[in-house]
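Heads up: the structure comes next, in structure tokens.
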There are 2 protein chains.
Amino acid sequence: MTVMETSPGPAAAERHYTISEVAEATGLSAHTLRWYERIGLMPHVDRSGAGQRRYRDRDLRWLTFLGKLRTTGMPVADMVRYAELVREGDATFAERQRLLEETRRDVRARVAELQDTLAVLDHKIGSYAVARREAAYGADVASGS
Amino acid sequence: MTVMETSPGPAAAERHYTISEVAEATGLSAHTLRWYERIGLMPHVDRSGAGQRRYRDRDLRWLTFLGKLRTTGMPVADMVRYAELVREGDATFAERQRLLEETRRDVRARVAELQDTLAVLDHKIGSYAVARREAAYGADVASGS
DNA sequence: TAGGGCCTTCGAGTGCGCTCGAAGCAAGGG
DNA sequence: CCCTTGCTTCGAGCGCACTCGAAGGCCCTA
């Protein structure tokens with residue numbers, strides 16, 4: 001070992017957030033946040049002396065990341081799997097990488113699909129515009145312009 | 001009226017498809033195809049003398065289009081709305097155009113979201129690759145290279 | 001001492017988009 | 001003649017991701 005950069009030192013007490021603050025910030029309900037924990041989506045959240053949740057910045061970041069995964073359409077079960085791997089530590093790097101790469105493939109495919117659809121929409125919207133412009137001439141022979 | 005290109009003439013009897021063929025082709029089940037019809041997603045499908053569905057090419061094209069809409073995540077109710085407008089004829093061009101433009105906005109937003117996520121995935125996958133490469137040096141002081 | 005915010009457990013409900021099954025019947029082909 | 005394919009109607013079931021409510025309890029602060 002060459003350097004010693006572990007343990008952040010006794011410095012600045014890190015900010016923390018109550019469940020309702022996090023709900024506010026993420027758009028998830030308190031109910032859902034507890035549910036996430038129950039099903040194993042959260043890598044352990046601190047508690048106050050009284051047993052209330054005290055979310056840290058890393059928790060918020062994790063939730064944000066989960067949000068990203070959700071927007072990919074990844075099933076919750078898979079997110080749980082990933083969260084498990086994270087809890088298991090560095091030994092699971094390879095597996096996690098594999099998982100994310102798979103997800104990335106899916107997302108790319110999905111993007112391609114959507115772009116395809118965009119092309120169709122563009123086309124159809126174009127046709128409507130044309131049709132309406134023609135209709136504007138009325139049923140008669142067109143005048144100039 | 002200048003040209004006369006309406007009515008396809010008494011030529012070639014158009015190909016048609018049974019429900020199971022369409023199911024095969026689209027990946028939808030026969031059950032679902034009938035359901036689409038029931039809820040008003042299909043603009044009338046022909047029947048044989050015996051009352052069996054005879055899908056035409058335009059029906060297949062319509063189903064393909066519906067598939068596109070589905071991949072956008074558009075709720076079925078909205079697709080039904082669009083189908084209604086189509087049935088109502090040319091008078092609804094403006095409304096249909098509006099609907100598709102709205103959808104296009106949504107799809108574009110979704111694509112942006114996904115590309116955002118892709119960036120995150122790329123980043124994370126990159127980190128894993130780096131971490132593993134470093135781990136490969138073992139716990140000791142690194143040799144050369 | 002009252003109120004608010006949070007805790008737990010439990011279990012039911014919701015919305016969506018199918019999905020399936022059953023019953024009973026008709027047409028068409030080998 | 002039978003088998004396959006399809007038809008109808010009806011209604012229940014499913015998987016997912018929440019979502020909600022109730023009951024009963026703890027701590028803090030105004």
Side-chain angles (χ1 to χ4, degrees), chain A residues 16-42 44-56 59-60 62-84 103 106 110 113 117, chain B residues 16-42 44-56 59-60 62-84 103 106 110 113 117:
Chain A
H16 60 254
Y17 313 84
T18 67
I19 198 168
S20 57
E21 285 166 340
V22 175
E24 170 76 11
T26 60
L28 300 167
S29 71
H31 259 308
T32 300
L33 285 168
R34 292 194 201 99
W35 180 67
Y36 271 20
E37 228 173 299
R38 264 202 322 277
I39 65 175
L41 263 186
M42 295 295 300
H44 187 265
V45 177
D46 283 359
R47 298 301 181 110
S48 72
Q52 298 191 200
R53 286 171 183 78
R54 292 294 175 252
Y55 292 86
R56 307 281 163 170
D59 298 318
L60 290 193
W62 175 252
L63 283 168
T64 304
F65 177 58
L66 287 185
K68 298 279 178 205
L69 291 188
R70 261 196 326 158
T71 75
T72 69
M74 178 187 279
V76 166
D78 292 7
M79 292 196 247
V80 170
R81 172 83 186 120
Y82 185 79
E84 263 166 17
T103 302
D106 293 352
R110 181 126 194 76
E113 226 177 31
T117 300
Chain B
H16 59 254
Y17 313 85
T18 67
I19 198 168
S20 58
E21 283 166 342
V22 176
E24 170 76 12
T26 60
L28 300 167
S29 71
H31 258 308
T32 300
L33 286 169
R34 293 194 201 100
W35 180 66
Y36 272 19
E37 228 175 299
R38 265 204 320 278
I39 66 175
L41 263 187
M42 294 296 299
H44 187 265
V45 177
D46 284 359
R47 299 300 180 110
S48 72
Q52 297 192 202
R53 288 170 182 80
R54 292 292 176 251
Y55 291 85
R56 306 280 163 172
D59 298 318
L60 290 193
W62 176 250
L63 283 168
T64 304
F65 178 59
L66 286 185
K68 298 277 178 207
L69 291 187
R70 259 193 330 155
T71 75
T72 70
M74 180 188 278
V76 167
D78 293 7
M79 292 195 246
V80 170
R81 172 84 186 118
Y82 185 79
E84 263 167 16
T103 302
D106 293 353
R110 181 124 195 76
E113 227 177 29
T117 300

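Any value given below was found using the heavy atoms of this structure, including those in side chains, with hydrogens, waters and symmetry copies removed.
- The line from CZ of A/Arg34 to CD1 of A/Ile39 is 14.5 Å long, rounded to the nearest 0.5 Å.
- Taking NE2 of A/His16 as the start and CG of A/Asp46 as the end, the distance is 9.5 Å to the nearest 0.5 Å.
- Atom CG of A/Leu41 is separated from atom P of D/dA17 by 10 Å (rounded to the nearest Å).
- Phosphate proximity of D/dG6 to B/Arg53: absent, as no side-chain N or O sits under 4.0 Å from OP1 or OP2.
- When rounded to the nearest whole Å, the span between CE of A/Met42 and P of D/dC18 equals 14 Å.
- Regarding A/Leu33, its CG atom lies at a distance of 11 Å from the P atom of D/dT19, rounded to whole Å.
- The residue A/Ser48 sits apart from the nucleic acid: no heavy atom pair falls under 4.0 Å.
- The backbone N or O of A/Pro75 sits nowhere less than 3.5 Å from a side-chain atom of A/Asp78 that would complete a donor-acceptor pair.
- For B/Ser20, whose side chain is taken as the heavy atoms from C-beta onward, the closest listed nucleotide among D/dG6, C/dC6, C/dT8 is D/dG6.
- Following rounding to the nearest Å, A/Glu24 (CD) and C/dG5 (P) show an atom-to-atom distance of 13 Å.
- Within the 4.0 angstrom heavy-atom criterion, only backbone atoms of the sugar-phosphate kind lie near B/Arg47; the bases stay farther away.
- Comment: B/Glu37 engages B/Arg53 in a salt bridge, judged by a side-chain N to carboxylate O separation of less than 4.0 angstrom.
- In this entry the distance linking CG of B/Asp46 with C1' of D/dC7 reads 16 Å, nearest Å.
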Exercise. What does nucleotides 16-30 of chain C look like as a protein-contact string, B for base, S for sugar-phosphate only, - for none, at under 4.0 angstrom between heavy atoms?
Worked result: -SBSBB-----S---
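- Under the side chain to side chain donor-acceptor pair (under 3.5 Å) criterion, B/Thr32 pairs with B/Ser29, sequence neighbours left out.
- In this structure, A/Arg38 contributes its side chain and A/Leu33 its backbone to no donor-acceptor pair below 3.5 Å.
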